[in-house]
Amino acid sequence: MATGTPAPEGTIRMAAPLSPRATGKFITENSKDVSVDMEGVRSLAEKLFQKIGRKEITLRGWKSLHELNPLGCGGDAVNWVFFADTLNFSFWAEQEDKKFLVKYKGKEYSGYWSFCAAMNRALDEGIPLTIASYYANITMDQLKHVLRSDSDFPIPMIEERLEILHQTGKILLEKFGGSFLNCVKMSEKSAEKLLRLVVENFPSYRDEGVFQGQKVAFYKRAQILVGDTWGVLEGQNDGCFHDIDKITMFADYRIPQALVHFGAMRYSDDLLKKLKKGWLFKNGDREEMEIRGCSIWAVELVCEHLRELFEKNGEKMSKEINPVLIDHFLWDYARDYREAIKEVPFHRVRCIYY
């Protein structure tokens with residue numbers, strides 16, 4: 001299903017789609033307007049290899065580099081992550097000067113971090129925002145207060161966010177005792193099993209579509225939920241996922257921008273013209289799926305080349321170095337160096353999946 005609204009409960013499902021990794025490979029092999037450049041892949045892998053050697057890319061960086069992420073490792077922190085990723089979509093602004101902004105503890109935030117700042121502001125105000133029984137019944141007025149903007153521009157898609165909170169909170173209460181940590185425990189320290197549990201039980205996480213007759217899956221929010229759970233638990237105890245390296249990058253609109261900037265991916269002239277005109281794609285459009293699919297495969301190939309670099313250096317690459325951490329680096333780079341990469345416009349899509 002490739003739509004911009006939550007899937008209703010009880011939806012009849014088609015045959016299982018390709019996994020995100022297989023989706024990336026399939027789309028790359030059949031793409032018309034997006035391609036993966038192996039020379040750029042190798043160059044990016046070499047840059048990352050140097051940063052890994054200098055300890056600039058680590059799991060602990062998830063907490064230490066982002067002051068809004070929770071510092072704890074318990075159920076409250078896991079529920080914070082679940083709430084955040086349940087609404088982790090569509091923060092981009094129509095124009096640079098028309099952003100949803102939140103001021104928190106003397107600093108102004110935009111994009112995804114404005115949402116995190118709004119969450120923490122609400123928690124500081126005593127609003128039990130991350131408790132399922134609260135957001136399963138939250139009213140529109142309450143949600144608007146929580147997500148109020150300090151600019152003249154509200155957060156996009158507020159109606160969809162309210163609907164998803166009601167649906168997701170109800171399911172979490174009915175199936176998992178109101179805590180996402182219970183869902184994590186059911187995964188038995190398997191990232192892939194946790195991914196399946198999320199996708200099978202929470203309809204708004206089913207980021208699926210059909211590409212050239214083949215059912216495919218990207219699961220951006222579901223995978224980032226697994227990755228963020230791994231991050232907040234620091235890869236320990238219930239978050240000690242033995243197969244975390246099976247989770248791919250999170251196919252959104254920022255990472256492709258960085259991949260093209262680094263030369264690991266290329267766009268056709270026709271696609272670039274559309275992007276520069278600010279074309280609004282629909283979730284499920286061919287070009288949109290090519291961008292996301294090729295992004296997944298490009299990062300998989302970067303990982304593969306990194307592994308080769310470690311082996312040439314007489315070392316074995318740690319499972320901690322994986323598509324999740326590479327995604328974190330590329331996302332931060334795309335956000336922190338917006339001016340440096342603005343020659344590559346990001347693709348615009350309004351949907352609930354990223």
Side-chain angles (χ1 to χ4, degrees), residues 1-3 7 11 13-38 40-41 44-45 85 187 190-227 230 241-253 255-256 259-260 264-267 281 283-308 317 319 321-328 330 347 349 351 353-354:
M1 182 173 290
T3 65
T11 299
R13 306 285 309 279
M14 293 170 58
L18 296 177
S19 69
R21 189 178 193 278
T23 289
K25 187 173 188 291
F26 176 76
I27 289 179
T28 301
E29 291 172 346
N30 294 278
S31 180
K32 296 178 181 178
D33 287 288
V34 187
S35 59
V36 175
D37 186 294
M38 286 308 299
V41 163
L44 177 55
D85 287 330
S187 74
S190 168
E192 286 190 308
K193 186 173 180 181
L194 181 57
L195 178 63
R196 287 196 303 273
L197 282 167
V198 170
V199 171
E200 289 171 2
N201 287 284
F202 300 99
S204 74
Y205 279 93
R206 291 178 198 149
D207 178 10
E208 300 168 356
V210 178
F211 184 83
Q212 294 194 5
Q214 171 64 56
K215 191 169 183 185
V216 295
F218 301 95
Y219 297 151
K220 183 266 180 179
R221 286 199 297 112
Q223 290 205 118
I224 202 170
L225 175 57
V226 175
W230 179 62
F241 301 133
H242 61 83
D243 54 354
I244 188 63
D245 56 331
K246 296 296 189 293
I247 300 298
T248 73
M249 62 78 73
F250 318 128
D252 68 352
Y253 53 87
I255 308 298
L259 289 169
V260 174
M265 227 166 63
R266 296 191 182 280
Y267 293 155
F281 293 95
N283 181 227
D285 281 350
R286 178 183 59 80
E287 297 101 322
E288 183 248 8
M289 296 175 87
E290 287 184 3
I291 290 171
R292 298 182 79 198
C294 289
S295 297
I296 290 173
W297 194 239
V299 172
E300 290 296 312
L301 293 176
V302 167
C303 264
E304 193 175 294
H305 193 64
L306 266 173
R307 195 169 291 108
E308 292 173 2
M317 188 169 82
K319 280 195 174 183
I321 307 302
N322 52 49
V324 175
L325 286 195
I326 293 173
D327 181 288
H328 289 172
L330 292 172
H347 69 286
V349 184
C351 71
Y353 297 123
Y354 64 100

**Student:** Using side chain to side chain contact (heavy atoms under 4.5 Å, CB included), reason through K220 and Y353 one step at a time and then give a plain yes or no.
**Tutor:** CA-CA 7 Å; K220 183 266 180 179; Y353 297 123; 5.8 Å; no
**Student:** Mind checking side chain to side chain contact (heavy atoms under 4.5 Å, CB included) for P323 and listing every partner two or more places apart, or none if nothing turns up?
**Tutor:**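 Listed in chain order: V299, E300, C303.
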**Student:** Going from CD1 on I244 to CD on E192, what distance comes out if it is rounded to the nearest 0.5 angstrom?
**Tutor:**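 Rounded to the nearest 0.5 Å, the CD1-CD separation comes to 10.0 Å.
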**Student:** A264: which residues meet the side chain to side chain contact (heavy atoms under 4.5 Å, CB included) condition with it, sequence neighbours left out?
**Tutor:**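 Counting only residues at least two positions away or on another chain, A264 forms a side chain to side chain contact (heavy atoms under 4.5 Å, CB included) with V41, L44, L259.
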**Student:** Indicate the atoms forming the closest heavy-atom contact of R221 with D85, along with that distance.
**Tutor:**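 The answer is NH1-O, 3.0 Å.
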**Student:** Listed by chain and number, what are the side chain to side chain contact (heavy atoms under 4.5 Å, CB included) partners of R286, not counting sequence neighbours?
**Tutor:**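 R286: side chain to side chain contact (heavy atoms under 4.5 Å, CB included) contacts with K32, D33, F211, E290.
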**Student:** Report the distance from atom CE of M38 to atom CG of L301, rounding to the nearest 0.5 Å.
**Tutor:**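 The CG atom of L301 is 5.0 Å from CE of M38, to the nearest 0.5 Å.
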**Student:** Parallel, tilted or perpendicular: which one describes the rings of Y354 and Y253, with boundaries at 30° and 60°?
**Tutor:**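 The rings of Y354 and Y253 sit tilted, inter-plane angle from 30° to 60°.
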**Student:** My understanding is that only residues two or more places apart in sequence, or in another chain, count here; which of them pass side chain to side chain donor-acceptor pair (under 3.5 Å) with E308?
**Tutor:**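 For E308, the residues satisfying side chain to side chain donor-acceptor pair (under 3.5 Å) (neighbours in sequence not counted) are H305.
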**Student:** So, taking the atom named CE in M249 and the one named CG in L330, what distance separates them when rounded to the nearest 0.5 Å?
**Tutor:**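 The distance works out to 7.5 Å.
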**Student:** Restricting to salt bridge (charged side-chain N to carboxylate O under 4.0 Å, His left out), what partner residues turn up for K25, sequence neighbours left out?
**Tutor:**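 Partners of K25 by the salt bridge (charged side-chain N to carboxylate O under 4.0 Å, His left out) criterion, ordered by chain and then number, come out as E29.
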**Student:** Do M317 and D245 have side-chain heavy atoms sitting under 4.5 Å apart?
**Tutor:**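 When only atoms from C-beta onward are counted, D245 and M317 do not touch, as no gap falls below 4.5 Å.
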**Student:** Under a 4.5 Å cut-off applied to non-hydrogen side-chain atoms, are D252 and I224 in contact?
**Tutor:**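 Side chain of D252 against side chain of I224, heavy atoms only: no contact under 4.5 Å found.
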**Student:** Can you confirm whether W297 sits close enough to V34 that some side-chain heavy atom of one is under 4.5 Å from a side-chain heavy atom of the other?
**Tutor:**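 No, their side chains stay 4.5 Å or more apart.
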**Student:** What's the spacing between M265 CE and S31 OG if we round to 0.5 Å?
**Tutor:**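 Here the rounded value is 9.0 Å.
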**Student:** Using side-chain heavy atoms (C-beta onward) and a distance below 4.5 Å, is F218 in contact with N283?
**Tutor:**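 Of all side-chain heavy-atom pairs linking N283 with F218, none is under 4.5 Å.
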**Student:** Q214: which residues meet the side chain to side chain contact (heavy atoms under 4.5 Å, CB included) condition with it, sequence neighbours left out?
**Tutor:**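 So Q214 forms a side chain to side chain contact (heavy atoms under 4.5 Å, CB included) with L18, F26, V216.
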